[in-house]
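The chain is numbered in sequence order, starting from 1. Only heavy atoms go into these numbers, but all of them, side chains included; no hydrogens, no water, no symmetry mates.
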Amino acid sequence: MRTFGGFRLGDSFFYGEVRGNDVHVLAKPYWVEIEPTGDVRKLADLHVDLPVASSKLIAVGLNYSDHIAEMKRTELGAPLIWFKAPSSLLAHQGTIEIVFPEHRTDFEVELAVVIGAPAKNVIVNDALDHVFGYTIGLDITDRDLQKEEKQFGRCKSFDTYTPVGPFVYADVDVSDVPIELRQNGEVRQRTRTSLMIYSVAHLVSFASESLTLLPGDVILTGTPSGVGPIRAGDQLEAVIGDWPPLRNRVAHARDNTGARPPNQTKP
Ligand code: MG
């Protein structure tokens, strides 16, 4: 397994490969080319930033039977995909800012796929050749807006509503790994990726039929049952296999701005 990430030191940002306690600085994003500069930093000295910069952030719905049941939906017979805004990405240790505290806003833990090679009309058997690696993702969702608007783009695309990280792992088999979400230390979601209805290979192949997947793009593969509301002050911890957890806290957006964002006022 190889481990990659995005790092910040003062004002400078760079991608790097993590080896033990060191980060080997790369000249380019790792999904473009793994080209070490020769510069090596201590991981402990760095701020862990976003590990990806995606042209597209694709989400998959209804990919675990127990989640389909809790949402009172039925299987569609094909993957359900839509887009989240790449501007919704949030790094490890970042704060999820709830825009509408009066709405129900849910956590959804998901395995996230990072594309490594352009993919257009790839068959299932070749699909994993187009995957660079994997990370942990959260698909934060304004459930009230999702029900009102009957589409999934806006309710899941607010800034900070897609935490990912802390790192991206290559050369790893994710076909049957445990996945878990803890809220303030309590386990809320727990399953194994082998229970996904559509595998990573199937999802990459399916998505590539309708659009060209580019290196650095991310696919969130769907959430298991146990989704639930987040509140200001919560600490979320998402875990896949033995990777370091993705940790994020929760606040109200207005806590930071002193006012609601423009055009989002409600009586
Ligand atoms: Mg989801």
### Distance in Å, R247 CZ paired with Q93 CD, rounded so as to fall on 0.5 Å steps
7.0 Å

### Query
Taking everything shown except N21 itself, do over 12 heavy atoms lie less than 6.0 Å from its CG?
no

### Task
Decide whether W31 and V131 are clustered together by the hydrophobic rule: side chain heavy atoms of Ile, Leu, Val, Met, Phe, Trp, Tyr closer than 4.5 Å, transitively.
no

### Message
If we ignore hydrogens and angles and just use 3.5 Å, is the side chain of R8 paired with the main-chain N or O of L46 as donor and acceptor?
### Response
no

### L89: which of V52, T160, V218 passes side chain to side chain contact (heavy atoms under 4.5 Å, CB included)
V52

### Query
Nearest heavy-atom pair of H67 and T223: which atoms, and what distance?
CB-O, 3.2 Å

### Message
Are the side chains of E75 and S65 in contact, using a 4.5 Å heavy-atom criterion?
### Response
yes

### Task
Treat each ILVMFWY residue as a node, draw an edge where side-chain heavy atoms are under 4.5 Å apart, and state whether V204 and V168 are in one component.
no

### Message
Can you give me the closest heavy-atom contact between A127 and S205, atom names plus distance?
### Response
CB-N, 4.2 Å

### Any donor-acceptor N/O pair, Y30 side chain to P51 backbone, under 3.5 Å
yes

### Summary
Exactly one of V60, T135, T221 clears side chain to side chain contact (heavy atoms under 4.5 Å, CB included) with V113, and that residue is T221

### Message
Donor-acceptor check, side chain of N184 to backbone of Q235, threshold 3.5 angstrom: yes or no?
### Response
yes

### Task
Mark yes or no for whether K72, through its side chain, and A69, through its backbone, hold a donor-acceptor pair below 3.5 Å.
no

### Query
Are Y169 and I115 in one and the same hydrophobic cluster, where Ile, Leu, Val, Met, Phe, Trp and Tyr link if side-chain heavy atoms are under 4.5 Å apart?
yes

### Query
Are any non-hydrogen side-chain atoms of T105 and I140 less than 4.5 angstrom apart?
yes

### Message
Donor-acceptor pair, distance only, cut-off 3.5 Å: does the side chain of N63 make one with the backbone of Y198?
### Response
yes

### Query
Is E108 salt-bridged to R143, going by a charged N under 4.0 Å from an acidic O?
yes

### Query
Are the side chains of L181 and L138 in touch, meaning some heavy atoms are under 4.5 Å apart?
yes

#### Entry: Minimum heavy-atom distance between V172 and M1, given as atom pair plus value
CG2-SD, 4.0 Å

### Message
Quick one, F152 and L80 - any side-chain contact, counting heavy atoms below 4.5 Å?
### Response
yes

### Query
Please walk me through it: do F7 and R41 pass side-chain contact (heavy atoms from CB on, under 4.5 Å)?
CA-CA 10 Å; F7 303 93; R41 302 284 181 167; over 6 Å; no

### Message
I'd like to know if the side chain of S208 and the backbone of N121 have a donor-acceptor N/O pair within less than 3.5 Å.
### Response
yes

### Query
Hey, any chance W82 and L203 share a hydrophobic cluster, counting ILVMFWY side chains that come within less than 4.5 Å of each other, even indirectly?
yes

### Query
Is the shortest heavy-atom distance from the side chain of V164 to the side chain of L246 under 4.5 Å?
no

### Message
Taking P224's backbone N and O only, do any of them form a donor-acceptor pair with Q189's side chain (distance below 3.5 Å, no angle check)?
### Response
yes

#### Entry: Inter-residue atom distance I219.CD1 - L111.CG, 0.5 Å rounding
10.5 Å

### Task
Please answer whether the main-chain N or O of S88 pairs with a side-chain N or O of K156 as donor and acceptor at a distance below 3.5 Å.
no

## Note on the structure
When rounded to the nearest 0.5 Å, the distance separating CD1 of I96 from CG of D159 is 13.0 Å

### Query
H103 vs F100 aromatic rings, parallel, tilted or perpendicular, using cut-offs 30° and 60°?
tilted

### Query
With no hydrogens and no angle check, is any side-chain donor or acceptor of S225 less than 3.5 Å from a backbone partner on D66?
no

### Summary
Heavy-atom closest pair (L211 atom, K120 atom, distance to 0.1 Å) is N-NZ, 4.0 Å

### Message
Would a single hydrophobic cluster contain both M71 and L195, if residues Ile, Leu, Val, Met, Phe, Trp and Tyr are joined by side-chain heavy-atom contacts under 4.5 Å?
### Response
no

### Query
Are the side chain of E97 and the backbone N or O of A251 linked by a donor-acceptor pair below 3.5 Å?
no

### Query
Looking just at side-chain N and O atoms, do S54 and D217 make a donor-acceptor pair shorter than 3.5 Å?
no

### Audit row: V23, F14, side-chain contact (heavy atoms from CB on, under 4.5 Å) steps and yes/no
CA-CA 10 Å; V23 174; F14 55 88; 4.2 Å; yes

### Task
Report yes if some heavy atom in the side chain of T193 is under 4.5 Å from a heavy atom in the side chain of Y134; otherwise report no.
no

### Message
Under 4.0 Å between a side-chain nitrogen and a carboxylate oxygen: does that hold for K42 and D22?
### Response
yes

### Query
Any idea which heavy atoms bring A85 and L57 closest together, and the distance?
O-CD2, 3.5 Å

### Message
For a quick test of reading the model, state the closest non-hydrogen atom pair linking E70 to G226 and the distance between them.
### Response
OE1-N, 2.9 Å

### Message
One pair to check against side-chain contact (heavy atoms from CB on, under 4.5 Å): F206 and V122. What are the steps and the verdict?
### Response
CA-CA 8 Å; F206 180 82; V122 299; over 6 Å; no

### Query
Can you tell if the side chain of P229 reaches within under 4.5 Å of the side chain of R231, non-hydrogen atoms only?
yes

### Message
If you count every heavy atom of other residues, nucleotides or ligands that lies below 6.0 Å from R190 atom CZ, does the total exceed 12?
### Response
no

### Query
Is it true that Y15 and F4 have ring centroids separated by less than 6.0 Å?
no

### Message
According to salt bridge (charged side-chain N to carboxylate O under 4.0 Å, His left out), who are the partners of E33, at least two apart in sequence or on a separate chain?
### Response
K28

### Task
Find out whether L145 and R154 are in side-chain contact, i.e. whether some heavy atom of one side chain is under 4.5 Å from a heavy atom of the other.
yes

